[in-house]
Structure formats: C-alpha cells, structure tokens
Amino acid sequence: MIIQKPKGTYDLLPEKAFSRVYAESKIREIFDLFNYREIRTPTFEYTLLFKRSIGENTDIVSKEMFTFNNSQYSLKPEMTAPVIRAYLENGLYNQSPLIKLYYISNMYRYERPQAGRFREFSQFGAEAIGSSEPFIDAEMIVLAAFILSEFQIRNYKIKLNNIGTPDERKKYLEKLFNYLNKFKNDLSGDSKKRLQKNPLRILDSKMTEDRKIIENAPRLYDYLEQSTIKNFEQVQSLLSGLGISYEIDYFLVRGLDYYTSTTFEIVSDELGAQDAIFGGGRYDLLTKQLGGKPTPAIGFACGFERFFSLMEKYEYCIPEENKCILYIVTSGNKASVFALNLIYELRKSGFKCEMDYLNRSIKSQMKEANKINAAYTAVIGNNELDSGKILMKKMSDGNQTEININNINNFLINENKTGKTG
RNA sequence: GCGAGCAUAGCUUAGUAGGCAGAGCGUCAGAUUGUGGCUCUGAAGGUCACGGGUUCGAUCCCCGUUGCUCGCCCCA
C-alpha cells in the first residue's frame, strides 16, 4: 500500500458500516419521537462564523480548525454555530417561536488522535431554539439519557452546572483571579497562561497541582443572581421528577465561549481518557452574537465514535443483515445468461438473491452460497434449461424440492411467509 | 504542541546470545461424473514499516524517518 488514510480518520468496513447505519436510524427515530427535525448544513463554513461563535481564544478555533483557501473557509468543528447560522439565514424564527432541530454529521478538528478522538469524527446532537424555560433544559437532558437507555448504555454520569451570564461571570472572575493569583507559582504551566486569558478554564484542569488549588477556589455559583439560581433549581427539580439522576459539578466549565447558564456533560468511565460522551448547555446569547434577535437556546452534542464504542462495550445487539433468499448455482454459459436474467426479475420482485460471476465450479458456488448464508440454492445447467424444472435446496436441512422454474416467484413468496429463512 | 510504547502474511502472532522466515485463523483450489457445512490435502500470500550504520552476514544490535497506539493539553 502506498497511500494511506490521513491521520485521525478511519474506514468503516461493511460490517461496521451496517451497524453504524442501524444506530443512526434508531437515533433518528428517537429524535423524531421527541419531535426534533433534522437539519443538514454544509461541510464547511466561513471561518468567521466559528471565530465569532466558538471564540477566537478557544482551543478549537485557535489551533484545531481545518482551514483552507486563505483561511476563508473551515471544515465545521462543531454544529451549533452552523445550525444557528442556518436558523437565522433561513428565517426559521418566522415558522415558530420554538424550533427543535437535530443533526447527525461529520466534524473536523486538527488534533492529535487518541482513544475516542479523531480528526474526522461524527456527532449527533439536538438544538432547541427559542425557549428559556427550564422545561426545555430538562427535555434536552432527558432526551440524552433516553438515547443512552435505548441503546442499553449504563453506568454513565450526568454532570450539571450553571455558569450564569457574562455579567455574573465578570464579577466572579475578579474574585477567582485574585484567588488564583495568590497561587500563581504553584499552578501548572498551562494554567499559568490561562490565568491571564481565561481563568475560568483553570477550573476544568485535570492537573493534580491545579486540582488542589481549585478545591478551595471561590465558586461561581455563589455569585449567580437569584433568578439564575431559581432557574437552575427548577431544572434540577424537573430532572428529579423525571427520575433522572445527576450530580452538580460546580467546576464544570465548557470549552466553547458561547455557553451560558445551564451546562451539562455526560461521562462514562468505560471510555479511557476522553470520557465525555455528551456535552451541552444553553447558549442564550449566540443568536444575537451572530446578528439575530436575542433568542434563548439550548443543545447538546454526542460523539458518535465514543457512543458507538460504548454500544460495543455493553454489547448492544445489532440486528442481522438481510441474507440472500436464493443463490443460483450455474453450470455453463447458457445457464449463466439465464440466471443473470432470472435474478434480475427476482430482485425486481424484492427478493435478495445472488449468483456466480467467476465461472467457478459447482462445488465452489455451493461453498459461496453457504458462506453468504443463502436460504436456498438452485443449480441451473443444461438439464434444467431443457426440462424447465429445478431443485430448490433448503440449505438449513439440505432437503430439495422440485419446482417449475416459472413457479420460482411463488415458491419464494411462500417461503418468505412461513418465516424468516436463513 | 509535548511525552511513552509498539511495528513480522488479509487478521492474531511465534521466532533467531545476529546464519536462507514459521503457525493458527481467513482466502482460493482439490478429495473420481452436477451440490455447501465437518474432516483431510494442497496453493497463493512477507523487500520481517522505510532509510542509514555496525558486521563476512541484520527481521534481530545502533541511529534517524514514517506510521499506529496510549497519555498530556483540550474536547465529543
């Protein structure tokens, strides 16, 4: 092999591709059940869109974007900004005050790959645009939990926080900065840099030297307005009422600038270092930031590869692929021509069937039929062409039934009725 | 961007205190006339990741490169 796939990408071979498509369709059904409708946006956008929304100082924008054509365009690193862009550009707010959308799409981030992290990866997610009511916060989290439970994924943790409004954060940031500044020499190298740029993010640090300092840091929660706290409490009581268990993580900070108020993350300790499967929260100011009217909104995204690896860990059972109902074994050129036409007719009638295209021996063809798990085989050679009769061999027990070739359609219809063969 | 480990057939891997490269699975074919699974037989398939060095001789030792994996940062 001379040319390999680019770093951080992967090929989905038929078996896995089938499982993925199955999972996708099931996810679509769940979104539909919750009355979310699909939106698809371009693979790339103007780079400016991401700079304005995600934030110029975030890791995603500052070092992880696949950017091209003199930085004019970027492959999308996440979906919220494109969805809001499309929402505004197409005037979806004119359709209804609350728009509920979902997506399943590839994303691109130029990072070092590791377990659960790719440069081209897939996310599915939901965005509910137009409501600031805690009900929609609760629905969003229930939806995520429901998807997990429908795929029999267990042992996950829902982490919940409220990071307030920029005004609330501003007051807090001063306090936080003063506190952290006292320990400035003990902070990790990265956190020293963040102290000036974005001290809030230090709270998210996993470095042990930082953790100790963070433990006693002032909490943003104590600087939130009464209305924010009330809202947060409502979200919590709604979740409890729905039987959703969660834990408050006062230091949960999301790495994208547009988040406000409710934020949440769902983690699993079955995933290795990259343990977050779902991430989401409110972004009440984003619509205005992108030039629209102020419109509250909330959403989440789920990393499909991580989700999928959990499906595998919990041994979620993917239904089997459809098997061929009939494999036609041919002997001789005339028979092949006949079979080619026959299976085309059968396929037009909806029967999945197959024949040999390699001029192989009858034995080899039988082996092939067995390998692909065909329910029936029928040998066609000069004898059959002359007599017009064939033996339908049931592969599960080896019994053969003689029928007229003209009756093959009816025979297969009856077999389909008597249960799934093969 | 930083750190660690790994690299032998399509897959899983064995291997030599440096001396012509092995297995299992898979693939393909055959085991007397036109019938699969089990069994048996056989075949194809490797520049032992790439480049340099040491050596009479390197898959093995040394250096470099690339790739993969895992971790840090950050995120899904």
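- Counting only Watson-Crick and G-U wobble pairs whose two key distances fall under 3.5 Å, RNA chain B forms stems of three or more stacked pairs at B:1-7 with B:66-72, B:10-13 with B:22-25, B:27-31 with B:39-43, B:49-53 with B:61-65.
- Between Tyr36(A) and Phe31(A), the two ring planes are tilted [angle within 30° to 60°].
- To the nearest 0.5 Å, atoms NZ (Lys389(A)) and CG (Asn383(A)) are separated by 13.0 Å.
- When the C1' atom is compared between rC60(B) and rA44(B), the two are found 28 Å apart, to the nearest whole Å.
- With no hydrogens or angles considered, a side-chain donor-acceptor pair links Thr165(A) and Glu168(A) at under 3.5 Å.
- Atom name P, nucleotides rA23(B) and rC63(B): the rounded distance is 33 Å, in whole Å.
- If you check every strand for non-hydrogen atoms under 4.0 Å, Glu111(A) touches a base.
- Within 4.0 Å (heavy atoms only), Ala369(A) reaches no atom of the nucleic acid at all.
- Protein atom OH of Tyr103(A) is 9 Å distant from nucleotide atom C1' of rA76(B), rounded to whole Å.
- Nucleotide rC68(B) holds its C1' atom 13 Å from the CZ atom of Arg119(A), rounded to whole Å.
- Residue Arg52(A) qualifies as open at atom CZ: its count of foreign heavy atoms under 6.0 Å is 12 or below.
- Ring-plane geometry between Phe151(A) and Phe307(A) is classed as perpendicular, the angle between the planes exceeding 60 degrees on a 0 to 90 degree scale with a lower cut at 30.
- Protein atom CD1 of Ile60(A) is 13 Å distant from nucleotide atom C1' of rC73(B), rounded to whole Å.
- Under the 6.0 Å distance and 45° angle rule, Arg169(A) does not count as a cation-pi partner of Tyr223(A).
- Against RNA chain B, the stretch residues 298-313 of chain A makes heavy-atom approaches under 4.0 Å through Ala301(A), Gly303(A), Arg306(A).
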For nucleotides 30-48 of chain B, give me one character per nucleotide, 5' to 3': B if any protein heavy atom sits under 4.0 Å from the base, S if the only such contacts are to the sugar-phosphate, - if neither.
SB--BBBB-----------

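- Counting only residues at least two apart or in different chains, side-chain hydrogen bond (donor to acceptor under 3.5 Å, both in side chains) contacts with residues 145-154 of chain A are absent.
- Counting only distance, with no hydrogens or angles, the side chain of Asn178(A) and the backbone of Glu174(A) share a donor-acceptor pair below 3.5 Å.
- rU13(B) and rU65(B) have their C1' atoms separated by 26 Å, given to the nearest Å.
- Residues Ser105(A) and Lys76(A) bring a donor and an acceptor atom of their side chains to less than 3.5 Å of each other.
- Under a 3.5 Å cut-off, the side chain of Thr260(A) and the backbone N or O of Asp284(A) do form a donor-acceptor pair.
- Between the P atoms of rC25(B) and rG64(B), the separation comes to 41 Å (whole Å).
- Between Tyr73(A) and Phe68(A), the angle of the ring planes lies from 30° to 60°, which puts this pair in the tilted group.
- Residue pairs meeting the salt bridge (Lys or Arg N to Asp or Glu O under 4.0 Å) criterion with at least one member in residues 132-149 of chain A, sequence neighbours excluded: Lys100(A)-Glu139(A), Asp137(A)-Arg282(A).
- Along RNA chain B, the nucleotide nearest Tyr259(A) and the nucleotide nearest Tyr110(A) are compared for position; the residue whose nucleotide lies closer to the 5' end is Tyr110(A).
- One P atom belongs to rC48(B), the other to rU39(B), and the distance between them is 33 Å to the nearest Å.
- rG42(B) sits 26 Å from rU47(B) when the C1' atoms are compared, rounded to a whole Å.
- Along RNA chain B, the nucleotide nearest to Lys7(A) and the one nearest to Ile277(A) differ in position, and the one closer to the 5' end is contacted by Lys7(A).
- The CG atom of Leu224(A) lies 10.0 Å from the CZ atom of Arg219(A); values are rounded to the nearest 0.5 Å.
- Whole-Å rounding puts the Gln114(A) CD to rG3(B) P distance at 15 Å.
- rG1(B) atom C1' lies 12 Å from atom CZ of Arg117(A), rounded to whole Å.
- Across the protein-nucleic acid pair, Asp59(A) atom CG and rA76(B) atom C1' stand 14 Å apart, rounded to whole Å.
- For the P atoms, the distance from rC70(B) to rU32(B) is 50 Å, rounded to whole Å.
- No more than 12 heavy atoms of other residues, nucleotides or ligands sit less than 6.0 Å from atom NZ of Lys157(A).
- The six-membered or imidazole ring of Phe304(A) lies near that of Phe124(A), with a centre-to-centre distance under 6.0 Å.
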One character per nucleotide, please: for nucleotides 4-12 of chain B, 5' to 3', B when the base has a protein heavy atom closer than 4.0 Å, S when only the sugar-phosphate does, - otherwise.
---------

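- Distance, Glu78(A) CD to rA76(B) C1': 11 Å, rounded to whole Å.
- As a whole-Å value, the separation of Leu252(A) CG from rA76(B) P is 11 Å.
- When the P atom is compared between rG3(B) and rC61(B), the two are found 24 Å apart, to the nearest whole Å.
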